[in-house]
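Everything on this sheet refers to the single structure shown next.
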Amino acid sequence: MVSEKSEMSPKLKITVKYGGKETESKDTPMQQRRSSARIQAKQKEVEEIKLRRIAEVVEEKEKSGEVVTAKSNKRKKINDEESVVKEEVVSEQQKKKKKSHCEESLVKEEDVSEQQKKKKTNGEESVVKEEVVSEQQKKKKKSPATARRELMEVRNEEITVGSENAVGALGDKSLTAKVKDTIRVFNKHYLHLIKDEEERCAKAKAESEKKKKAGKKVSKAEAEKKKTGKKDSAKKDIQPNDSKHAAKRPDLKALTKMMQNNEILYPEKRIGNIPGIEVGYQFYSRAEMVAVGFHSHWLNGIDFIGQSYSKVYSCYELPVAVAIVLSGMYEDDLDNAEDVVYTGQGGHNLTGDKRQMGDQKMERGNLALKNCAEQCVPVRVVRGHESSSSYTRKVYTYDGLYKVVNYWAEKGISGFTVYKFRLRRVEGQPTLTTNQVYFTCGRVPQSVAEIRGLVCEDISGGQEDVPIPATNLVDDPPVPPTGFKYCKSLKVAKSVKLPVNAPGCKCKGICNDPTTCECAKRNGSEFPYVSKDGGRLVEAKDVVFECGPNCGCDDRCVNRTSQKGLRYRLEVFRTAKKGWAVRSWDFIPSGAPVCEYTGILARTEDMDSVLENNYIFEIDCLQTIKGLGGRERRSQNVPFAVNLLDKYDDQGSESAPEFCIDAGSTGNIARFINHCCEPNLFVQCVLSTHHDLRLARVMLFAADNIPPLQELTYDYGYELDSVLDSDGKIKQMPCYCGATGCRKRLF
DNA sequence: TAGGGTCAGTTGTAT
DNA sequence: ACAACTGACCCTAGG
């Protein structure tokens, strides 16, 4: 955490605004900590809602008797709040519906007019009716492209003037945040589909094994065939051999889903820069480019505006290219950063030896580039690079706008005619450094000897499987992080008794059937993780139930993902303004576990007597589920967790977290991770050895694909103006996270 | 590491 | 409506 907090405000006692008023009734001065401020702010909100809704007389009583409030009243609180949230959701949905409805109606109108035309020529009513039905059916299946084209034909004028309409859905966030959110949506779909795919493979495997065992009888095999046909009902997949082939392109399916849900950030093609994508931006797959609307195809090198857009782009001779990808796949390519010779498309063998196998023609993308040259239309250029990372084979960097200077046809290396396009970078754009272009190579140290400013070879002192070096290029003389004891796992204070009574599942080896695994059932009859890349969390949840010591499965089980220790080469480094910080030398894919937040598990009330301590993490899992605490609502399909809630109702534990983790004197790498207003990690509560939500383990997961050397951060979640010092004045802490959407203050 | 199957939207042409 | 096109991705086999 932010270490200079203590440097800036030595031993300052802090009171916190509580429930909209100061905590005189709760007169113990509360110290600042991660989440209580949020919870209190939320309560303030709840209180206000209540004020609006409940009669004022009742309110007066409640104000005075907050602590003694009956159970029913508390429930009311939550219900009120829930209903508000629900209302909000509904109205948003309505908005969306409205929007899509408008669009649909446009299409419908067109359909109708078309039908009318047909009616005129046909005259036969029955035929027309049939056509109407079939057309409607087809409309459902209509490809997004067709729909888009139809849409554009109707409102072409709007689109040429204001192409921002697609952006509206995400509100007034910063442009880069919109891009980030879109990629997150893509990753979410992607991981969900990978999970589906893994489940399908496991099923197919299990069934083929069954088949092998019972292979004697032919009739049995036939029965199974029927079974598979019924169960998966999918048109083509599920042949017994399919268990081997998991290559169902979840990335492409994720794109399809996004198109269906209208989640593509910029669904309309545009010439020039894409808002929120700066020069140097890194994509981790071709599919990401499609998700944003940067390049509308995952395979084509040249993205161009074709004849179908003639009404919208009447000022241009079409087709014109808008974006190209240099992947170095063509044998004739020459790539010198500022000056590029790009080989046109066509005559290329995609499979096999990947060489030219025919003449190229001046059509499609080639023609589009030619038109760009003649009409001075700039083209976005993306360069693909092999990545040393084991998780992404390729990284694509946006290199900026290029002009097509000239073009010619020549006999290529294989003897076939190929078109060549010379592209030159438009001036006035940020310069490209080799480091930007080849992002991972060289900069990440490969051994201890290469590390600059090394002050400690391993702050974990050998506890972690992967050593954690510390570097300091800021202080003179450079000092290592001190004043704490490294501890890989959670320690429990004397006053706390950690239960170990979690009932386990009866699976053997690796849990893979979510319908029979007891632990999976608790997660809503699904596994929260995919096994790809050693385990990735599909989506943030209220709480994750992992397999534990009482389970029949072993360490390889995917539902123990957070128990496997550090995976990535992390480094603690000194910053100028933010104290210590953490970054990874390895690429971290979204959903991957980064580390646990360890320290001493203690009672919150015991911590109130301790002076300033900036390393306290309150376990607010219970509050999160109940909707308190200002946490964003999470995936709600965890009925088991909701059942668990009843247990705590009598204990009045919803007002503030009962337990916390104190990493002040003892902790792990997590205590060095800084706050950021637009973070790349998120907090996830996990249960494995017991099912007490108040004592859940706290894990940090990657929210995005995180490139090497990017600082790791999560949202501390303070509500502004919620922290007061001992004089009752609002205490402020500036935020140095540097995010575009930074709130400028930590609290 | 090479090879090969599969993925699915976009485009232009043929109904 | 349909076929053609496409500078990707991932698994598997074989050295």
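Given the structure is predicted, the values throughout are model-derived calculations rather than measurements. Every chain is numbered from 1, with letters handed out A, B, ... down the list of sequences.
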Which of the following nucleotides, [options], is nearest to the side chain of [X]?
X	options	value
A:Q307	B:dA8, C:dT6, B:dG12	B:dG12
A:W298	C:dA4, C:dC10, C:dA8	C:dA8
A:M259	B:dT10, B:dG12, C:dG7	B:dT10
A:T256	C:dC9, B:dT10, B:dA8	B:dA8

TODO: Pick base, sugar-phosphate or nothing for A:F283, based on heavy-atom distances below 4.0 Å to the nucleic acid.
DONE: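 Result for A:F283 = nothing.
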
Open item on the list: What's A:D303 touching, base or sugar-phosphate or nothing? Going by heavy atoms closer than 4.0 Å.
Closed with: nothing

Scan the side chains in residues 186-193 of chain A for donor-acceptor partners under 3.5 Å anywhere in the protein, sequence neighbours excluded, and list what turns up.
| from | atom 1 | to | atom 2 | distance (Å) |
| --- | --- | --- | --- | --- |
| A:N187 | ND2 | A:I183 | O | 3.4 |
| A:H189 | NE2 | A:E263 | OE1 | 2.8 |
| A:H192 | NE2 | A:E539 | OE1 | 2.8 |

Task: Aromatic A:W408 / basic A:R422 pairing, under 6.0 angstrom, 45° off normal - done: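 No cation-pi geometry.
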
Open item on the list: For Watson-Crick and G-U wobble pairs within 3.5 Å on both distances, what is DNA chain C written in dot-bracket notation, | included for inter-strand pairing?
Closed with: ||||||.||||||..

Open item on the list: Can you say whether a donor on the side chain of A:R249 sits under 3.5 Å from an acceptor on the base of C:dA8, or the other way round?
Closed with: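 Looking at the base of C:dA8, it does pair with a donor or acceptor on the side chain of A:R249 (distance under 3.5 Å).
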
Open item on the list: Holding to side chain to side chain contact (heavy atoms under 4.5 Å, CB included), I want the full list of residues that pass it with A:A321, two or more places apart in sequence or in another chain.
Closed with: A:I302, A:F304, A:A368, A:L369, A:C372, A:V379

Open item on the list: When you compare the side chains of A:E288 and A:N705, does any donor N or O come within less than 3.5 Å of an acceptor on the partner?
Closed with: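 A pair is found: one side chain offers a donor N or O, the other an acceptor, under 3.5 Å apart.
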
TODO: Run the salt-bridge test on A:R536 and A:D533 with the 4.0 Å N-O cut-off and return the result as yes or no.
DONE: yes

